[in-house]
2 protein chains.
Amino acid sequence: MTDPELRLTQMISKLRTLDFRITPQRLAVLKILAHSTGHPTIEWIYEEVRRDFPTVSLATIYKTATLLKGLGEVVELETRDGRHRFDGNKPYPHPHVICTQCKQILDFEDASLETLIREVSAKTGYEISDHQLDFFGLCPQCRKEIDPSDTLEQ
Amino acid sequence: MTDPELRLTQMISKLRTLDFRITPQRLAVLKILAHSTGHPTIEWIYEEVRRDFPTVSLATIYKTATLLKGLGEVVELETRDGRHRFDGNKPYPHPHVICTQCKQILDFEDASLETLIREVSAKTGYEISDHQLDFFGLCPQCRKEIDPSDTLEQ
DNA sequence: CTCCCTGCAAACCTTTTGCATGTGA
DNA sequence: TCACATGCAAAAGGTTTGCAGGGAG
């Protein structure tokens with residue numbers, strides 16, 4: 001996990017540099033995205049921001065998230081649950097392990113991906129700029145709940 | 001590419017075995033999915049089927065695709081273009097290389113993924129049942145169009 | 001002859017857009 | 001001050017659902 005305060009500072013600097021305004025609503029969204037490792041949805045961010053700004057609109061959350069995504073300060077993931085999720089703490093592509101039951105999302109480190117990207121590029125002639133690697137399955141918790149005899153071996 | 005006729009036979013058998021009816025509309029969808037390597041969208045399948053069955057509805061295409069997906073005879077991919085795409089010719093997860101410009105989708109073979117899945121499983125305790133690996137970038141064609149001086153090197 | 005499937009339309013849900021009002025720098 | 005951001009509401013766009021009528025087995 002990147003230091004959330006550092007990420008927040010980086011995001012604010014980026015906005016300032018490009019002459020975007022730091023409004024209270026934006027700041028609230030930035031804070032949430034910089035701190036969260038849980039890959040929040042728009043709806044979740046909205047609910048959080050509403051605690052401090054009861055009149056904030058979903059549109060503002062969408063616009064802010066889209067802005068940050070465009071600036072590369074946030075990455076968007078597609079998790080097959082019909083809604084977009086964001087990661088502002090590690091704003092670069094990285095593998096996820098997603099529980100199909102409880103929707104928990106884990107980050108996963110893997111060094112071999114860089115090699116693979118070069119291989120893809122060489123074989124296809126594509127200029128690869130982004131990627132997405134997600135694993136789907138049951139987390140240990142949900143495995144137990146579905147089949148109590150599951151020993152979690154293998 | 002798997003033999004399309006073989007895939008079609010396999011799909012039909014699966015439906016028959018489970019007592020699902022083989023209607024003309026379903027057969028048309030099956031044929032398209034068994035033959036296509038282009039990862040068609042629902043809309044595209046719909047247009048194709050409409051050639052032979054002008055009154056077919058989008059709902060039927062959706063229902064058939066959902067059915068086949070549930071039976072594991074088709075895989076659904078998420079390609080960030082806001083619509084679902086299907087692969088009935090290779091109905092198991094495999095990497096894709098996707099052009100962000102023209103939306104062309106290439107299949108990509110990679111043997112190292114099995115190893116990685118076992119590693120993920122061992123490290124996280126998850127029981128991995130599915131995965132998704134997609135690379136995004138510009139295809140050689142679109143690179144040229146955007147920057148004619150692009151030599152396509154590396 | 002029976003259910004299952006189809007087709008139509010309406011409902012759904014998330015995301016996007018237009019525009020008048022408000023506000024950070 | 002004033003260009004840009006907000007918030008509301010409406011629109012958009014893909015997908016799902018309910019149901020009456022039709023057709024596969």
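Since the structure is predicted, the reported quantities are computational estimates derived from the model, not experimental observations. First the proteins, then the strands, lettered A, B, ... as listed; each starts at 1.
Taking all atoms of both residues into account, the shortest heavy-atom contact from N89(A) to S36(A) is CB-O, 3.6 Å. The minimum heavy-atom distance between Y46(A) and V56(A), with the atom names listed, is CE1-O, 3.4 Å.
Atom P of nucleotide dA11(D) and atom CG of L58(A) are separated by 18 Å, given to the nearest angstrom. Here the P atom of nucleotide dC4(D) and the CG atom of L67(A) are 13 Å apart, to the nearest Å. Summarising the geometry, the separation between CD1 on I61(A) and C1' on dT6(D) is reported as 11 Å, rounded to the nearest angstrom. Counting to the nearest Å, the P atom of dT15(D) and the CZ atom of R83(A) are 16 Å from each other. The separation between H84(A) atom NE2 and dG13(D) atom C1' is 12 Å, rounded to whole Å.
Looking at Q132(B) and D130(B), their side chains never bring a donor and an acceptor atom within 3.5 Å of each other. When only modelled atom types and interatomic distance are considered, D87(B) and H96(B) share no side-chain donor-acceptor pair under 3.5 Å. Between the side chains of H94(A) and D110(A), not a single donor N or O lies within less than 3.5 Å of an accepting N or O. Using modelled atom types, one finds a donor on one side chain and an acceptor on the other under 3.5 Å when comparing T60(B) with S57(B).
Between S57(A) and dT6(D), a side-chain N or O to OP1/OP2 separation shorter than 4.0 Å is absent.
If you walk DNA chain C from 5' to 3' and mark each nucleotide with an atom closer than 4.0 Å to a heavy atom of chain A, the marks span dT14(C) to dA25(C).
Proximity of Q104(A) to Y126(B): side-chain heavy atoms (C-beta onward) are separated by under 4.5 Å at one or more points. With contacts defined as side-chain heavy-atom distances shorter than 4.5 Å, the pair H131(A)/L116(A) does not qualify. Between T124(B) and F135(A), the closest side-chain pair of non-hydrogen atoms is not below 4.5 Å.
Of the candidates K14(B), K90(B), R26(B), K14(B) is the only one forming a salt bridge (Lys or Arg N to Asp or Glu O under 4.0 Å) with E73(B).
The environment of K103(B) atom NZ is dense: over 12 non-hydrogen atoms of other residues, nucleotides or ligands sit within 6.0 angstrom.
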Nucleic acid footprint by protein, nucleotides 17-25 of chain D - heavy-atom cut-off 4.0 Å, B for base, S for sugar-phosphate alone: BB----BBS
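Summary for the helix from dC1(C)-dG25(D) to dA25(C)-dT1(D): the axes at its two ends, each from 5 pairs, differ by 40° when rounded to the nearest 10 degrees.
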